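Note that this is a predicted model, so its numbers are computed, not measured. Each chain gets a letter, A, B and so on, in the order the sequences are listed, and its residues count up from 1. Only this structure's heavy atoms are used, side chains among them; waters, hydrogens and symmetry mates stay out.
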Protein chains: 2
Amino acid sequence: MKEPIWTRERKAPPRETLSREQIVKTAMGILDSEGVTGLSMRKLAARLDAGATSLYWHVPTKDDLVDLLIDEVWGEIDVPEPELAGWRSGALLFGHSMRSALLRHPWLPEVMYTRPSLGPNAMSLGSRGLVLFEAGGFSDHDIDLAMSSVMSYVLGTVSAEVATREMVRKSGRSEETWVSEMMEQAQAVASEYPEMQKSVRRRTSLGLDSSLTENFVFGLDALLDGLATRVTK
Amino acid sequence: MKEPIWTRERKAPPRETLSREQIVKTAMGILDSEGVTGLSMRKLAARLDAGATSLYWHVPTKDDLVDLLIDEVWGEIDVPEPELAGWRSGALLFGHSMRSALLRHPWLPEVMYTRPSLGPNAMSLGSRGLVLFEAGGFSDHDIDLAMSSVMSYVLGTVSAEVATREMVRKSGRSEETWVSEMMEQAQAVASEYPEMQKSVRRRTSLGLDSSLTENFVFGLDALLDGLATRVTK
DNA sequence: CTAGTCACTCGCACACTGTACGACAAGCTC
DNA sequence: GAGCTTGTCGTACAGTGTGCGAGTGACTAG
């Protein structure tokens, strides 16, 4: 009579092997710190002390790997239960949670717009979002319109924010000197675009961080105000 | 006495040469039809009957070329003069114009979030937008907050829309069969995500196009409603 | 103990990318 | 003619994703 596997002892510790989780995790590290162009299969493999093509046993293609990484990010986003906060502050919280996830993983905008990406975490996120807006009293027809307008707003704003921060980073300057250089440029073309100059000056008075946060909050607030008038129940 | 140039005849027609405009134009064609991955310097050169490296005399790098292309798209977006329509319908028009430009050039989202891109058309667009909102009666402080929330909303929504369309295209199925396949998938995981199922069904009843347009309009309307309450003057 | 079958690793090779370099040519001004 | 500017392009290099097939360690059946 054969003894079942889980009681039987292993003769020797199992061979150390790569795992999909491990690959995803270190790929995430590379992506977060070096961006999309910094991630190559060879570099990833090297960091795992493995041959480049070994990865392909665990992951079909690089694109699939990126899909896994995207879904990982969706998994980091909170959606509060509606009974805890009400839909409005729930949506606000959701927006902020989504923003901070995107700021932690600034590579996401440049890859997410070319691919399906309907992994389990994305599904769960979408589902929980819909629950929130349903509880908020939107009509059946409006629930996912409301939900997806909030998601799109956050996505767009934070993508733009990430692009701005990227601009600063690439310039190699510090934040302050970058802002002041922008000011100079704005001065130079002031005659052509007087409005832009005012805008830059307005943003300069706050720091870059606060200015971007204010931007995000202002629009989200306005959008939620607009959505509030569409609550019917 | 030397005769001025414009009266002097050319001895021979000038040598045919590449031009930046020409390069930009055919690159735009490739990008629009084959997407970002379809654009390579060699392919672009081949389509111009030129050697690959000849392009580098007219354009410093491929990235710079893409920057030119992005600014070209910004140039296609209308912003109405405020006195023609008022800020609200002006903003609506602007949003639709921006949307259709992005739908014509669906490659834009995947490249715009990694780079500066403050070309002349972008500047002019921003400036005209600010004029519109200023005339709308927003406080000095709110003008560019309002403006950029609209831009971000449109950007985010249409980027997501483009991604959806890309999904359909890549699947190789027709629009209808794709939608019904989505329905099946939704049925399959219905127990886990009942909300998603409802959402998919709602979208299925309209066509894909109308559903996406409705989505866009709904959120933009809500956002503008919210912004309207912030008009002070 | 041997033979066989999985699960997994990895070197090589291929086609492709952006672009630096330097040789070359055509047209213009002296 | 000489010399300069403008422009073209072949070659080469370092890098990419990944298909293929050989190889290896751990396990099981006989």
Side-chain angles (χ1 to χ4, degrees), chain A residues 1-24 26-27 30-31 34-69 107 110-111 114-115 170, chain B residues 1-24 26-27 30-31 34-69 107 110-111 114-115 170:
Chain A
M1 169 101 183
K2 194 176 77 177
E3 199 177 354
I5 337 101
W6 50 87
T7 60
R8 232 180 314 153
E9 273 185 21
R10 287 190 203 277
K11 317 272 156 62
R15 180 162 58 132
E16 291 183 14
T17 153
L18 288 172
S19 73
R20 181 177 280 192
E21 290 72 29
Q22 199 184 160
I23 292 174
V24 166
T26 78
I30 296 180
L31 228 39
E34 305 182 42
V36 154
T37 56
L39 178 67
S40 82
M41 296 306 267
R42 286 181 235 264
K43 192 190 287 188
L44 174 55
R47 196 167 292 200
L48 290 161
D49 280 322
T53 53
S54 302
L55 303 175
Y56 285 88
W57 197 90
H58 303 273
V59 155
T61 72
K62 186 189 178 185
D63 268 10
D64 289 309
L65 173 58
V66 173
D67 283 344
L68 289 174
L69 289 161
W107 47 269
E110 51 183 311
V111 299
T114 44
R115 62 187 77 234
K170 261 192 196 164
Chain B
M1 169 100 182
K2 194 176 77 176
E3 199 175 353
I5 338 100
W6 49 86
T7 60
R8 229 181 316 154
E9 274 183 20
R10 286 190 205 276
K11 317 268 155 65
R15 180 163 57 135
E16 290 184 12
T17 154
L18 287 171
S19 73
R20 180 178 281 192
E21 290 73 30
Q22 201 183 160
I23 292 174
V24 166
T26 78
I30 297 179
L31 229 39
E34 305 181 43
V36 153
T37 55
L39 179 66
S40 80
M41 296 304 266
R42 286 181 235 265
K43 191 192 284 188
L44 175 55
R47 196 168 290 201
L48 289 162
D49 280 323
T53 54
S54 302
L55 303 175
Y56 285 88
W57 197 90
H58 303 272
V59 154
T61 71
K62 187 190 179 187
D63 268 8
D64 288 309
L65 173 57
V66 173
D67 282 344
L68 288 174
L69 289 160
W107 46 269
E110 50 184 313
V111 298
T114 43
R115 60 187 77 236
K170 261 192 198 164

How long is the line joining [atom1] of [X] and [atom2] of [N], in whole Å?
X        : N       : atom1 : atom2 : result
Asp63(B) : dT17(C) : CG    : P     : 16 Å
Met41(B) : dT8(D)  : CE    : P     : 13 Å
Leu48(B) : dT8(D)  : CG    : P     : 10 Å
Leu65(A) : dG17(D) : CG    : C1'   : 12 Å
Glu34(B) : dT17(C) : CD    : P     : 11 Å
Leu44(B) : dT8(D)  : CG    : P     : 13 Å
Leu55(B) : dG7(D)  : CG    : P     : 14 Å
Lys62(A) : dT17(C) : NZ    : P     : 16 Å

Over all strands shown, is [X] touching base, sugar-phosphate only, or nothing at heavy-atom distances under 4.0 angstrom?
X        : result
Leu39(A) : sugar-phosphate
Ala45(A) : nothing
Ser40(B) : sugar-phosphate
Ala52(B) : nothing

Using a 3.5 Å limit for the pairing distances, which stems of at least 3 consecutive Watson-Crick or G-U wobble pairs does DNA chain C take part in?
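DNA chain C forms these stems: C:1-30 with D:1-30.
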
Tell me, which pairs form a salt bridge (Lys or Arg N to Asp or Glu O under 4.0 Å) where one or both residues lie in residues 47-58 of chain A, sequence neighbours left out?
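Qualifying pairs, neighbours excluded: Glu34(A)-Arg47(A).
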
For Leu31(B) and Val111(B): C-alpha separation, side-chain torsions, deciding distance, then whether side chain to side chain contact (heavy atoms under 4.5 Å, CB included) applies.
CA-CA 11 Å; Leu31(B) 229 39; Val111(B) 298; over 6 Å; no

Tell whether Arg42(A) reaches the base of dG17(D) with its side chain through a donor-acceptor pair below 3.5 angstrom.
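A donor-acceptor contact between them is present.
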
Look at the side chain of Thr53(B) against the base of dG10(D) and say whether a donor-acceptor pair falls under 3.5 Å; ignore hydrogens and angles.
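Indeed, a donor on one side and an acceptor on the other fall under 3.5 Å apart.
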
In Å, rounded to the nearest 0.5 Å, how long is the span from CG of Leu18(A) to CD1 of Ile23(A)?
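One finds 5.0 Å between CG of Leu18(A) and CD1 of Ile23(A).
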
Quick one: CG on Leu44(A) to CG on Leu39(A), what's the gap to the nearest 0.5 Å?
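Rounded to the nearest 0.5 Å, the CG-CG separation comes out at 6.0 Å.
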
Residue [X], side-chain heavy atoms: nucleotide from [options] that is nearest:
X        : options                  : value
His58(A) : dG17(D), dT9(C), dT19(C) : dT9(C)
Ser54(B) : dG18(C), dC20(D), dC9(D) : dC9(D)
Trp57(A) : dA7(C), dC9(D), dT18(D)  : dA7(C)

Let me see the working for Leu68(A) and Asp64(A) under side chain to side chain contact (heavy atoms under 4.5 Å, CB included), right down to the final yes or no.
CA-CA 6 Å; Leu68(A) 289 174; Asp64(A) 289 309; 5.9 Å; no

For the side chain of Arg20(A) and the backbone of His58(A), is there at least one donor-acceptor N/O pair under 3.5 Å apart?
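Yes, because the side chain of Arg20(A) sits within donor-acceptor range (under 3.5 Å) of the backbone of His58(A).
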
Short side-chain to backbone donor-acceptor contact, Lys43(B) and Gly38(B), under 3.5 Å
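Side chain of Lys43(B) to backbone of Gly38(B): a pair is present.
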
